[in-house]
2 protein chains.
Amino acid sequence: MPGEKVTSVDVAKRAGVSQSAVSRVFTQGASVSPKMAEKVHKAAQELGYRPNVLARSLITGRSKIIGLVVAYLENQFYPDALEKLSNALQAHGYHILVFMVSNEDASVDKVMGELLDYQVDGIITASVGMSNDLAARCAAAGVPVVLFNRGQDDDRLNQVTSNNFEGGRQIAKFLAASGHERIAHIAGWSGSSTGRDREAGFRVGLKDAGLELCACIDGMYKRETAAAAAIELFSGSDRPDAVFVGNDHMAFAVMDVLRFELKLDVPGDVSVVGYDDVPLASWPAYDLTTLRQPSNRMVEATVATLLGWIEDGSTSIQKIQIDGPLMVRGSARIPQGWNDERL
Amino acid sequence: MPGEKVTSVDVAKRAGVSQSAVSRVFTQGASVSPKMAEKVHKAAQELGYRPNVLARSLITGRSKIIGLVVAYLENQFYPDALEKLSNALQAHGYHILVFMVSNEDASVDKVMGELLDYQVDGIITASVGMSNDLAARCAAAGVPVVLFNRGQDDDRLNQVTSNNFEGGRQIAKFLAASGHERIAHIAGWSGSSTGRDREAGFRVGLKDAGLELCACIDGMYKRETAAAAAIELFSGSDRPDAVFVGNDHMAFAVMDVLRFELKLDVPGDVSVVGYDDVPLASWPAYDLTTLRQPSNRMVEATVATLLGWIEDGSTSIQKIQIDGPLMVRGSARIPQGWNDERL
DNA sequence: GATAGTTGTGCATACGTATGCAAATTGAAG
DNA sequence: CTTCAATTTGCATACGTATGCACAACTATC
């Protein structure tokens with residue numbers, strides 16, 4: 001391999017100008033004469049020169065890299081968000097450096113260290129929390145953090161979520177309105193704010209309707225755990241007639257168990273409602289009634305917050321909650337006149 | 001924000017040693033006395049020092065960044081691969097910088113330029129090809145490229161795929177053995193090697209069995225296109241009794257159309273076979289018979305190729321094809337004695 | 001055409017680290 | 001205690017770029 005690194009010095013030499021001139025031509029907002037710009041561009045073109053982002057970052061303190069920490073991509077919500085985040089950031093000249101973590105242990109902290117080594121301009125964590133100790137370090141390093149789809153009390157951390165409490169309540173209202181009487185919940189991981197908030201809202205919603213949760217199991221946001229929970233809940237004869245599952249990913253597992261293992265009819269025997277509205281939820285094989293997390297708007301808010309912090313020096317902590325609609329589909333009995341009421 | 005960048009110089013000062021000593025302590029394979037190492041580590045600890053990867057890369061010429069170019073994450077195969085790639089590379093001290101492209105136009109080339117700006121140590125493209133012009137530039141820059149799940153003739157490009165031709169043939173053999181007579185194909189995008197190879201193998205396999213393709217439509221690897229193709233193929237009365245769909249992602253759409261729109265029974269009326277074996281394929285809602293692309297081994301091969309090139313200076317072009325088994329499930333009629341034969 | 005004001009350019013230096021080289025230290029052997 | 005080899009350390013410099021500062025070139029004004 002030839003391995004010809006062509007630098008601004010080479011370009012300067014060929015164009016017969018100084019290195020600083022070359023630098024200015026490639027720097028946004030520096031003043032150069034049209035004549036100079038043309039000369040330099042020509043030389044650069046001929047040599048195939050492109051500025052070295054890393055070297056630049058050394059001096060500007062801006063790496064144009066955003067670190068994304070994510071636990072797993074199995075739940076379709078996250079690849080979808082990742083794609084949208086990447087596109088949005090790319091449009092602003094930033095790119096995403098990916099860090100996979102296992103959510104359970106302290107690997108988050110370890111990985112975050114590596115993250116800072118890369119001098120990232122900002123950090124987005126999707127579906128993972130972080131230790132306060134770590135939050136402090138990021139704050140000290142001046143690196144803004146946005147928790148995407150996860151809340152945390154630490155007041156140094158921005159966060160963007162859907163309105164999980166309200167979402168849970170809305171689902172309760174819906175299930176109550178269609179006359180269900182034994183309503184169960186397979187909750188999101190209780191170690192996560194999203195899981196806890198959805199459950200809390202759901203309970204309040206049921207209470208408002210004069211109902212009470214007949215059973216509640218932590219599904220850990222995992223397919224296997226949710227499936228096991230479904231078997232436990234629905235094997236007996238006094239089974240629930242409706243279940244709110246903490247996210248779509250688990251809801252699919254639950255529907256699989258209900259229909260193919262326990263031979264129950266959905267929604268005839270059991271109504272199932274999920275949370276997220278991932279693309280798969282609308283496919284007819286599942287046709288899942290679910291509360292939409294508006295990923296577009298969540299991504300928008302995340303990017304806006306991050307860039308505001310990085311480029312405009314904003315320092316106000318944002319705790320953004322975005323409302324989403326209930327997508328009424330075929331997996332749950334529909335209350336009479338539901339559509340009318342909502343017009 | 002405080003913004004305390006702590007450098008090796010700060011650590012050196014506090015430990016009462018030279019900056020180079022600090023550097024050596026944090027450099028793999030440099031010789032330092034235990035005493036020195038301890039002093040430096042202590043000071044570093046106290047100040048919260050971590051080496052700046054970007055500055056390091058400037059001098060070593062190694063950024064520890066691998067660029068990943070990917071077109072879309074909607075097909076579950078890719079987030080799955082991304083997760084595995086990231087984990088494998090992370091274990092070797094590398095991280096993935098993500099670049100989303102739209103496959104159709106020349107945006108690949110544009111994005112690749114940005115990629116090189118980051119001085120990536122290597123490039124993985126998932127599901128996208130690249131212009132020869134570009135391949136030349138990467139070769140010139142000494143940056144190794146691995147095409148993941150996509151082939152291309154250019155002899156400067158490594159590639160890792162499943163054995164698509166053989167896979168297609170195996171599927172043909174399977175469908176023929178179960179006595180299907182009117183066999184159709186909704187092909188992968190004809191602009192991709194994977195799509196073409198699977199189709200070619202499929203045709204050969206049918207021929208070997210004395211059969212012929214009764215219809216073939218390009219599904220573009222897109223859900224909507226595949227759905228439209230399914231309607232076109234199966235609306236008439238002389239419909240096919242089996243269809244091989246170019247990947248699982250499209251196969252799901254096809255099954256949805258067949259079952260819920262055209263009210264056909266799978267596999268009673270039509271057998272459906274996919275390609276990839278993404279996790280969803282094994283969920284009972286689809287229970288899709290499909291040819292597995294062994295993503296674990298493909299990832300392994302990709303990482304090995306890339307790191308061999310980067311770290312061991314290997315320069316031999318690898319064109320790796322990995323065989324995968326046919327996962328026989330419920331979406332296609334099973335030939336009598338199929339299991340016996342295969343023992 | 002001289003002067004002041006404006007813009008464009010070059011010089012020098014800095015960013016944070018790694019590394020060749022020579023000096024200094026250590027340890028072993030005589 | 002001396003000598004020599006082996007190891008450890010510090011000094012200086014380089015990586016590729018951006019930017020403050022001083023100076024050169026140009027424009028407009030009288």
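The structure displayed is predicted, hence computed values, not measured ones. Letters A, B, ... mirror the listed sequences (proteins, then strands); counts begin at 1.
Rounded to whole Å, atom C1' of D/dA18 lies 14 Å from atom CZ of A/R62. What separates CG of A/L54 from C1' of C/dG16 is a distance of 12 Å, to the nearest Å.
For the OP1/OP2 pair of C/dT17 and a distance below 4.0 Å, the side-chain nitrogens and oxygens of B/S8 include at least one atom meeting the criterion. Remark: A/Y49 is in phosphate contact with D/dT17, judged by side-chain N or O atoms under 4.0 Å from OP1 or OP2. Applying the 4.0 Å criterion to OP1 and OP2 of C/dG8, one finds that A/S31 has a side-chain N or O inside that range. Within the structure, a side-chain polar atom (N or O) of B/T27 is placed less than 4.0 Å from OP1 or OP2 of C/dA18. Taking side-chain N and O atoms only, B/S23 has a distance below 4.0 Å to OP1 or OP2 of C/dA18.
The side chain of B/S33 approaches D/dT8 more closely than any other nucleotide in the set C/dC15, C/dG10, D/dT8. In this structure, the nucleotide among D/dA18, C/dT9, C/dG16 sitting nearest to the side chain of A/M36 is C/dT9.
The base of C/dC15 has none of its N or O atoms less than 3.5 Å from a complementary donor or acceptor on the side chain of A/S57. With hydrogens and angles left out, the side chain of B/S20 and the base of D/dC11 share a donor-acceptor pair within 3.5 Å.
Remark on DNA chain C: of its neighbouring residues B/A55 and B/A21, the 5'-side contact belongs to B/A55, judged by nearest-heavy-atom nucleotide. Comparing B/P34 and B/Q19 by the nucleotide of DNA chain D that holds the closest heavy atom to each, the one mapping nearer the 5' end is B/P34.
Taking the charged nitrogens against the carboxylate oxygens, A/K42 and A/E46 do have a contact shorter than 4.0 Å, which makes a salt bridge.
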